[in-house]
Novice: 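Handing you a structure now.
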Number of protein chains: 2
Amino acid sequence: MPSKTFNITIDTQAFNQMTTKQKQIITAAIDLFAEKGYANTSTKEIAAKAGVAEGNIFSTFKNKRGLLAAIINPVQRAIFPTTNQGAGAVSPAPYESLHEFMTDFCRDRLAFLQANRQVIKIFVAEIIYNDKLRQSLIKDFPASNRCWLQMAASLDQLKAQKLLVNWDNIKILKTIWSVMGGSALGYLFFDQPIKTTTLAQNVDTATRLLTYH
Amino acid sequence: MPSKTFNITIDTQAFNQMTTKQKQIITAAIDLFAEKGYANTSTKEIAAKAGVAEGNIFSTFKNKRGLLAAIINPVQRAIFPTTNQGAGAVSPAPYESLHEFMTDFCRDRLAFLQANRQVIKIFVAEIIYNDKLRQSLIKDFPASNRCWLQMAASLDQLKAQKLLVNWDNIKILKTIWSVMGGSALGYLFFDQPIKTTTLAQNVDTATRLLTYH
DNA sequence: GGAAATTGATTGAGTGCTCACTCAAAATAT
DNA sequence: ATATTTTGAGTGAGCACTCAATCAATTTCC
């Protein structure tokens with residue numbers, strides 16, 4: 001069931017245009033970075049797992065950081081797209097209830113998380129000690145991008161119908177995230193599966209917190 | 001204003017018994033690990049910052065991991081104490097409302113967070129890729145320790161008075177954490193101060209979610 | 001069509017460097 | 001004088017990264 005509004009995915013164009021060997025390197029690096037961390041993985045290990053000579057990594061990605069960037073950049077672009085393609089054409093999908101919106105939003109985010117678990121784990125871990133990444137994250141949250149505008153439009157519509165508390169959208173987003181965040185971190189770092197019942201509970205909780213009163 | 005029930009602090013006994021040089025090493029290591037991460041900090045750097053010869057680190061802490069353990073273990077013990085001293089003498093403090101309990105609990109946790117920001121940051125970052133630490137965390141959550149028993153007793157008392165939803169205590173604790181967690185992570189990793197208004201909002205949110213209905 | 005030449009991708013031993021860690025010697029305390 | 005602590009140059013290992021040699025594919029010429 002596709003989302004009415006969101007459908008954020010990681011752009012695979014760059015990856016698809018790579019040669020077989022380059023894909024093997026990326027895939028092996030993702031496995032190892034997600035399992036042991038960037039700093040604890042050697043390029044020799046990556047090359048061995050990819051079935052490729054070590055030098056190949058450097059002729060393709062320049063250095064180890066370049067390889068990390070090739071993995072992380074698509075994640076960052078998916079979360080904070082900088083190109084505002086179609087930014088003018090925001091047509092909020094007509095949600096008929098807050099609960100419907102919340103289900104749609106949370107399902108989409110969960111699908112994104114599950115489809116890209118490893119790279120998101122690498123991304124989140126990298127944020128902790130990577131100043132540049134962290135700064136751009138703070139700066140771009142939330143950026144004036146298509147996704148955000150679309151969401152804001154939907155929220156404003158719900159507010160107008162008195163189906164949603166009249167808070168500013170950032171506070172609403174933070175509230176949703178604080179409800180979902182625990183499950184997300186448990187899934188990312190503690191291998192705890194997110195059951196559909198848990199998701200439904202989170203949706204209910206968020207809905208309850210944000211219902212107009 | 002001290003907490004009625006909790007007052008969890010990090011045990012400084014081991015630290016206080018150390019020599020001046022050992023304290024200097026620990027302090028320097030905490031600064032550097034919190035800023036750049038364990039894997040990105042060299043023992044040479046730590047020694048220089050501590051104003052001590054590099055060899056001193058190894059004669060005192062055996063190896064680099066030993067130094068990390070000396071920093072992290074007190075945090076782990078503070079969060080999951082294994083000694084059940086006074087476990088039998090649980091006398092739940094008489095909270096008169098869920099809101100009072102929540103304020104007390106959240107204030108105490110926040111004070112703990114603010115008093116030990118750096119070491120908690122190191123601890124949390126280490127959990128991500130340290131299997132042993134992660135496993136013991138899952139296993140010990142929540143351990144049958146004094147803190148947990150006391151909290152459970154308070155919760156049960158509130159349930160009996162129909163001031164609290166009749167969920168099991170772990171679910172209640174997870175709910176509180178998921179509300180507080182966002183602020184905590186923002187404080188730890190994004191240097192976002194937790195304003196008293198934010199704390200109050202979190203307390204209100206958690207109270208609202210957990211009020212008997 | 002096939003041999004030769006050209007080009008670009010791929011290789012992995014080699015390089016310099018930094019790392020955690022050692023240990024004999026020096027400094028300090030007893 | 002003896003015992004203990006502190007020192008920092010030294011060590012082997014492992015790291016990211018290089019580069020000349022090798023291989024494979026394509027083009028050129030007869």
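All figures in this text were calculated on a predicted structure; none of them were measured in a lab. Quick note: numbers below take in every heavy atom, side chains included, and nothing from hydrogens, waters or symmetry partners. Naming: A, B, ... by sequence-line order, numbering from 1 per chain.
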Novice: Mind calculating the distance between NZ (B:K36) and P (C:dC19) to the nearest angstrom?
Specialist: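 In whole Å, C:dC19 P lies 8 Å from B:K36 NZ.
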
Novice: We want to know whether B:Y129 and A:N40 form a side-chain donor-acceptor pair, criterion being a heavy-atom distance below 3.5 angstrom.
Specialist: no

Novice: Any base atoms under 4.0 Å from B:T41, or only sugar-phosphate, or nothing? Heavy atoms, all strands.
Specialist: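 Sugar-phosphate, backbone atoms only, no base.
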
Novice: Return no unless some side-chain N or O of A:S42 is found under 4.0 Å from OP1 or OP2 of D:dG14.
Specialist: no

Novice: Write down the distance between CG (A:L32) and C1' (D:dC15), rounded to a whole number of angstrom.
Specialist: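 For the pair A:L32 CG and D:dC15 C1', the rounded distance is 16 Å.
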
Novice: What is the distance from CD1 of B:I46 to C1' of C:dT18, rounded to the nearest Å?
Specialist: 15 Å

Novice: Looking at B:T198 and B:I194, would you say the former's side chain and the latter's main chain have a donor-acceptor pair under 3.5 Å?
Specialist: no

Novice: Taking the nucleotide of DNA chain D with the closest heavy atom to each, which residue, B:G51 or A:E54, is nearer the 5' end?
Specialist: B:G51

Novice: For the residue pair B:R117 and B:Y187, would you count it as a cation-pi contact if the rule is NZ or CZ under 6.0 angstrom from the ring centre and within 45 degrees of the ring axis?
Specialist: yes

Novice: Counting side-chain heavy atoms from C-beta on, which of D:dA16, D:dT6, D:dC17 comes nearest to A:N63?
Specialist: D:dC17

Novice: Check every atom of D:dA16, C:dT11, C:dC21 against the side chain of A:A53 and return the nucleotide holding the closest atom.
Specialist: C:dT11

Novice: Without decimals, in angstroms, what is the distance between A:L68 CG and D:dC17 P?
Specialist: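 So the CG-P distance, A:L68 to D:dC17, works out to 12 Å.
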
Novice: Rounded to the nearest Å, what distance is computed from the NZ atom of residue A:K44 to the C1' atom of nucleotide C:dC19?
Specialist: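 Going from NZ in A:K44 over to C1' in C:dC19 covers 16 Å.
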
Novice: Has B:D168 got a side-chain atom pairing as donor or acceptor with B:K171's backbone, closer than 3.5 angstrom?
Specialist: yes

Novice: Within this structure, what is the CZ-to-P distance between B:F61 and C:dC21, rounded to whole angstrom?
Specialist: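 Those two atoms, CZ and P, are 13 Å apart.
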
Novice: Can you tell me how far C1' of C:dT22 sits from CZ of B:F58, to the nearest Å?
Specialist: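 Those two atoms, CZ and C1', are 9 Å apart.
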
Novice: To the nearest Å, give me how far apart CG (B:N56) and P (C:dC23) are.
Specialist: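 Rounded to whole Å, this separation is 17 Å.
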
